[in-house]
Asks: 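Below: one structure in structure tokens.
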Amino acid sequence: MPRRSAETRSQARWRRAFPAVCMGMAVVALHAMPGGELGAHDWWMNWRLDVVLHAGLFAVFGTSALIALRKGGGGGAACRYAWWWVMAGGMILAGILELAQGLVFPGRGSDPWDFVADFIGLCMAGFAFRALYLMWPIGKKPL
């Protein structure tokens, strides 16, 4: 008979949540970069590739959060409604970051298209989870 792991339940939750927490901190750190560092007239700003960056960041953040919630829960509300939790939390984070970009971070401006790109990135996270695990990140977890 195989031995059971000595890992406690809280250690297991933290181990699964750690990538999502790190991605969340990376998203906040990248939003907090001073505007002078970015160069508003660079080619990537002229092509609006910053919107693609927003979508990509929130897609990776959302995917890691979905994996943490969906794979970590035993079937509770956080597990069953993981996509809605990630969408709500991600949009709250996106709104706070866009407001902070306009008010707090030096040389940065708030842009509604960034907010839309963040939403699209969170939606892409659900589809990425579906592609990885062949199940939607909502509903009862199969045994």
Asks: Output all residues satisfying ring-ring contact (aromatic ring centres under 6.0 Å, His included) with W136, sequence neighbours left out; order by chain, then residue number.
Replies: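 Only W83, F127 meet the ring-ring contact (aromatic ring centres under 6.0 Å, His included) criterion with W136.
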Asks: Please collect all side chain to side chain donor-acceptor pair (under 3.5 Å) contacts where either partner lies in residues 18-28, sequence neighbours excluded, each pair once.
Replies: none
Asks: Listing request: all side chain to side chain donor-acceptor pair (under 3.5 Å) pairs with a residue in residues 111-128, at least two apart in sequence or in separate chains.
Replies: R48-D111, H54-D114, H54-D118
Asks: Kindly give the heavy-atom pair with the smallest separation between G95 and F115, and that separation in Å.
Replies: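 Smallest interatomic distance, heavy atoms only, reads N-CE1, 3.5 Å.
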Asks: The criterion is side chain to side chain contact (heavy atoms under 4.5 Å, CB included); which residues satisfy it with L57, sequence neighbours excluded?
Replies: M23, V27, L30, L53
Asks: Looking at residues at least two apart in the chain, or sitting in another chain, which of them share a ring-ring contact (aromatic ring centres under 6.0 Å, His included) with F129?
Replies: Y133
Asks: Quick one, M87 and C123 - any side-chain contact, counting heavy atoms below 4.5 Å?
Replies: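 They are in contact (side-chain heavy atoms under 4.5 Å apart), so the answer is yes.
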Asks: If hydrophobic clusters are built from ILVMFWY residues whose side chains come within less than 4.5 Å, do L99 and V51 share one?
Replies: no
Asks: Considering non-hydrogen atoms only, spot the tightest contact between L69 and A82 and give its length.
Replies: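 Closest approach of L69 to A82, heavy atoms only: CB-CB, 3.9 Å.
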Asks: How close do F61 and G90 get, counting heavy atoms only, and between which atoms?
Replies: CE2-CA, 4.3 Å
Asks: For the residue pair A125 and A59, what are the closest heavy atoms and their distance?
Replies: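 Answer, listing the atom of A125 first, then A59: CB-O, 3.5 Å.
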Asks: So which atom in V86 and which in A65 form the shortest heavy-atom distance, rounded to 0.1 Å?
Replies: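 Taking every non-hydrogen atom into account, CG2-CB, 3.8 Å.
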Asks: The criterion is side chain to side chain contact (heavy atoms under 4.5 Å, CB included); which residues satisfy it with V28, sequence neighbours excluded?
Replies: L93, L97
Asks: Taking ring-ring contact (aromatic ring centres under 6.0 Å, His included) as the definition, give me every residue that meets it alongside Y81, ordered by chain and number, with sequence neighbours left out.
Replies: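 Testing Y81 for ring-ring contact (aromatic ring centres under 6.0 Å, His included), a comparison that skips the adjacent residues, returns none.
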Asks: Tell me whether R70 contacts the main-chain N or O of P137 through its side chain, where contact means a donor paired with an acceptor under 3.5 Å.
Replies: no
Asks: Shortest non-hydrogen contact from S64 to P19?
Replies: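 Closest heavy-atom pair between S64 and P19: OG-O, 4.0 Å.
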Asks: In the hydrophobic cluster built from side-chain contacts under 4.5 Å, what are the other members alongside I92?
Replies: I96
